[in-house]
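Note: hydrogens, waters and symmetry copies are ignored here, and every other heavy atom, side chains too, is used. Bear in mind that the values here come from a model prediction, so they are computed numbers and not experimental data.
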Amino acid sequence: MVRILPMASSIRPSLSSLKFSGSSRFSVSLFSHNSTRKFTFCHLGTAVPQVQSFGLKASKLLREKGGCLSISAAGNMAHASTASTQENVLEWVKQDKRRMLHVVYRVGDLDRTIKFYTECLGMKLLRKRDIPEERYTNAFLGYGPEDSHFVIELTYNYGVDQYDIGSGFGHFGIAVDDVSKTVELIKAKGGKVTREPGAVKGGKTVVAFIEDPDGYKFELLERGPTPEPLCQVMLRVGDLERAISFYENAYGMKLLRTRDNPEYKYTIAMLGYGPEDTSAVMELTYNYGVTEYDKGNAYAQIAIGTDDVYKTAEAIRLCGGKITREPGPLPGISTKITACLDPDGWKTVFVDNIDFLKELE
């Protein structure tokens with residue numbers, strides 16, 4: 001059903017370093033709160049007044065004989081220094097070694113879902129992890145090893161058998177050789193097909209839609225052999241341009257393409273860390289005139305690898321994102337992470353690349 005080409009891991013266990021440009025002397029401490037003030041000191045023997053923030057006395061500051069000393073662009077200096085630092089951080093984001101690691105969501109019956117994914121969708125159960133003290137179990141499934149493939153992390157919370165998917169989550173995408181044959185197999189296994197095979201609205205790609213036992217939708221895309229069959233996560237957003245800017249600058253993704261479908265009143269944007277035919281990508285969908293969605297409590301987050309969770313959190317803040325978990329190690333396993341919300345409230349967790357690989361050993 002799904003042909004997989006080998007794909008080398010895109011995570012390299014090395015940390016990037018960021019060097020910040022030095023700012024002009026006096027610019028931050030002296031002027032950071034007065035963006036437009038200008039001080040001019042004239043006449044013979046007139047000293048610049050004492051500046052408490054530097055601990056300097058007036059007698060030690062510059063004097064001008066028969067002339068004028070002008071300290072201007074107070075706020076401009078601070079602004080330039082801050083802008084330079086921001087530019088360095090955002091440039092580092094582009095150079096960071098990032099990859100979509102897994103997508104996390106909750107299910108009501110773990111064994112039932114594992115059976116459906118392995119028998120109907122051709123995934124492999126990669127590992128399970130039970131955390132009895134926290135009363136939940138994880139199962140990781142996908143089409144290849146976690147160190148080189150995008151995978152699914154299912155979460156079963158003890159005693160919870162149903163969740164609300166909401167209206168904001170869209171679907172997951174799986175690339176297959178033959179959509180019609182895949183649909184026939186899923187029907188034979190008792191799966192639910194919500195859209196029969198056919199060309200996508202506004203396009204030519206042959207697709208079909210199915211639902212898993214918990215109601216999560218999967219789009220089957222007819223595509224040639226690929227190293228990354230689990231290829232898309234579709235989320236709906238209220239402002240597409242805002243979302244694109246955030247995912248590019250804060251997350252370091254590339255805008256791969258956009259497609260507007262005025263006939264059906266929606267626009268999509270595909271973003272990721274590599275081409276669509278070889279990498280997992282985000283599909284952000286804007287429906288004309290809809291600015292907010294109900295996110296429910298079923299879908300959780302995506303996880304992205306990074307060389308530095310601390311710099312990642314800094315970049316997210318600079319881009320207006322909300323940090324929901326400060327960067328640092330997780331208790332017990334020491335894996336460093338940081339978590340945030342994008343402008344639409346979708347959660348993302350960034351995981352230290354080296355720590356992630358250690359988890360898999």
Side-chain angles (χ1 to χ4, degrees), residues 9-24 27-28 32 35 75 77-104 150 233 235 237-256 258 269-274 279-284 300-330 334-357:
S9 171
S10 61
I11 297 179
R12 299 180 215 169
S14 62
L15 292 174
S16 299
S17 60
L18 176 63
K19 296 181 179 178
F20 295 96
S21 300
S23 59
S24 300
S27 62
V28 174
S32 59
S35 60
M77 293 169 65
H79 178 74
S81 176
T82 302
S84 176
T85 299
Q86 291 178 354
E87 183 178 348
N88 288 340
V89 171
L90 297 179
E91 183 61 31
W92 172 84
V93 168
K94 297 177 183 178
Q95 305 302 321
D96 190 21
K97 298 176 181 64
R98 297 189 174 183
R99 179 176 72 85
M100 290 171 61
L101 304 178
H102 48 255
V103 60
V104 186
F150 184 56
V233 176
L235 302 175
V237 298
D239 185 326
L240 190 59
E241 291 303 319
R242 178 186 65 183
I244 290 172
S245 177
F246 184 82
Y247 278 73
E248 285 183 314
N249 293 304
Y251 291 0
M253 292 186 180
K254 295 180 180 179
L255 177 61
L256 304 173
T258 61
M270 313 298 286
L271 299 103
Y273 298 108
S279 307
V281 301
M282 297 297 300
E283 178 181 341
L284 303 181
Q301 68 226 18
I302 60 168
I304 297 174
T306 176
D307 278 345
D308 193 319
V309 298
Y310 300 93
K311 293 174 185 173
T312 293
E314 185 178 355
I316 290 166
R317 284 194 178 96
L318 288 174
C319 295
K322 180 181 179 181
I323 298 297
T324 57
R325 190 190 189 284
E326 291 297 327
L330 286 169
S334 299
T335 297
K336 294 183 288 296
I337 72 166
T338 190
C340 70
L341 299 180
D342 73 6
D344 287 275
W346 294 114
K347 184 179 178 181
T348 298
V349 174
F350 286 85
V351 184
D352 181 90
N353 283 330
I354 294 178
D355 292 347
F356 177 71
L357 292 176

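- Two residues are said to be in side-chain contact when any heavy atoms from C-beta on lie closer than 4.5 Å; Asp96 and Asp308 fail this criterion.
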Exercise. Test Ile354 against Lys336 for side-chain contact (heavy atoms from CB on, under 4.5 Å), laying out the working first.
Key: CA-CA 9 Å; Ile354 294 178; Lys336 294 183 288 296; over 6 Å; no
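- Put simply, the side chain of Thr348 does not reach to within 4.5 Å of the side chain of Asp342, judged on heavy atoms.
- Atom NZ of Lys311 is separated from atom CG of Asn88 by 10.5 Å, given to the nearest 0.5 angstrom.
- Checked for salt-bridge contact, Asp344 and Arg242 meet the test: a charged N lies under 4.0 Å from a carboxylate O.
- Using a distance-only test at 3.5 Å, with no hydrogens or angles considered, a donor-acceptor pair links the side chain of Asn353 to the main chain of Lys97.
- When every heavy atom of Cys340 is checked against every heavy atom of Thr324, the shortest pair comes out as N-OG1, 3.6 Å.
- Taking both residues in full, the closest heavy atoms of Gly328 and Val309 are given as N-CG2, 4.3 Å, listed atom of the first, atom of the second, then distance.
- Distance check: Phe356 CZ to Thr306 OG1 gives 13.0 Å after rounding to the nearest 0.5 Å.
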Quiz prompt | Leu284/Leu240 under side-chain contact (heavy atoms from CB on, under 4.5 Å): CA gap, chis, key distance, verdict | solution = CA-CA 7 Å; Leu284 303 181; Leu240 190 59; 4.0 Å; yes
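- Between Thr312 and Tyr251, every side-chain heavy-atom pair lies at or beyond the 4.5 Å cut-off.
- For the pair Val233/Phe150, a side-chain contact is recorded, criterion being any heavy-atom separation below 4.5 Å from C-beta on.
- Here the CG atom belonging to Leu90 is positioned 9.0 Å from the CD atom belonging to Glu314, to the nearest 0.5 angstrom.
- For the atom pair NZ of Lys347 and CZ of Arg325, the computed distance is 9.5 Å after rounding to the nearest 0.5 Å.
- In this structure, Lys254 and Tyr273 have side chains that are not in contact, with every pair of non-hydrogen atoms separated by 4.5 Å or more.
- The distance from the CZ atom of Arg99 to the NE2 atom of His102 is 10.0 Å, given to the nearest 0.5 Å.
- Across Ala250 and Val93, no two heavy atoms sit closer than the pair O-CG1, 3.9 Å.
- Summarising the geometry of Leu255 relative to Ala269, their closest heavy-atom pair is CD1-CB, 4.0 Å, with the distance given to 0.1 Å.
- In this structure, CE in Met253 is found 11.0 Å from OG in Ser279, a value given to the nearest 0.5 Å.
- Of all heavy-atom pairs spanning Val281 and Gly274, the tightest one is CG1-O, 4.1 Å.
- A salt bridge links Arg317 with Glu326: the closest approach of a Lys/Arg side-chain nitrogen to an acidic carboxylate oxygen falls below 4.0 angstrom.
- Counting heavy atoms from C-beta outward, Glu248 and Leu271 have side chains that approach closer than 4.5 Å.
- Closest non-hydrogen pair, Pro329 versus Tyr310, comes out as CD-OH, 4.2 Å.
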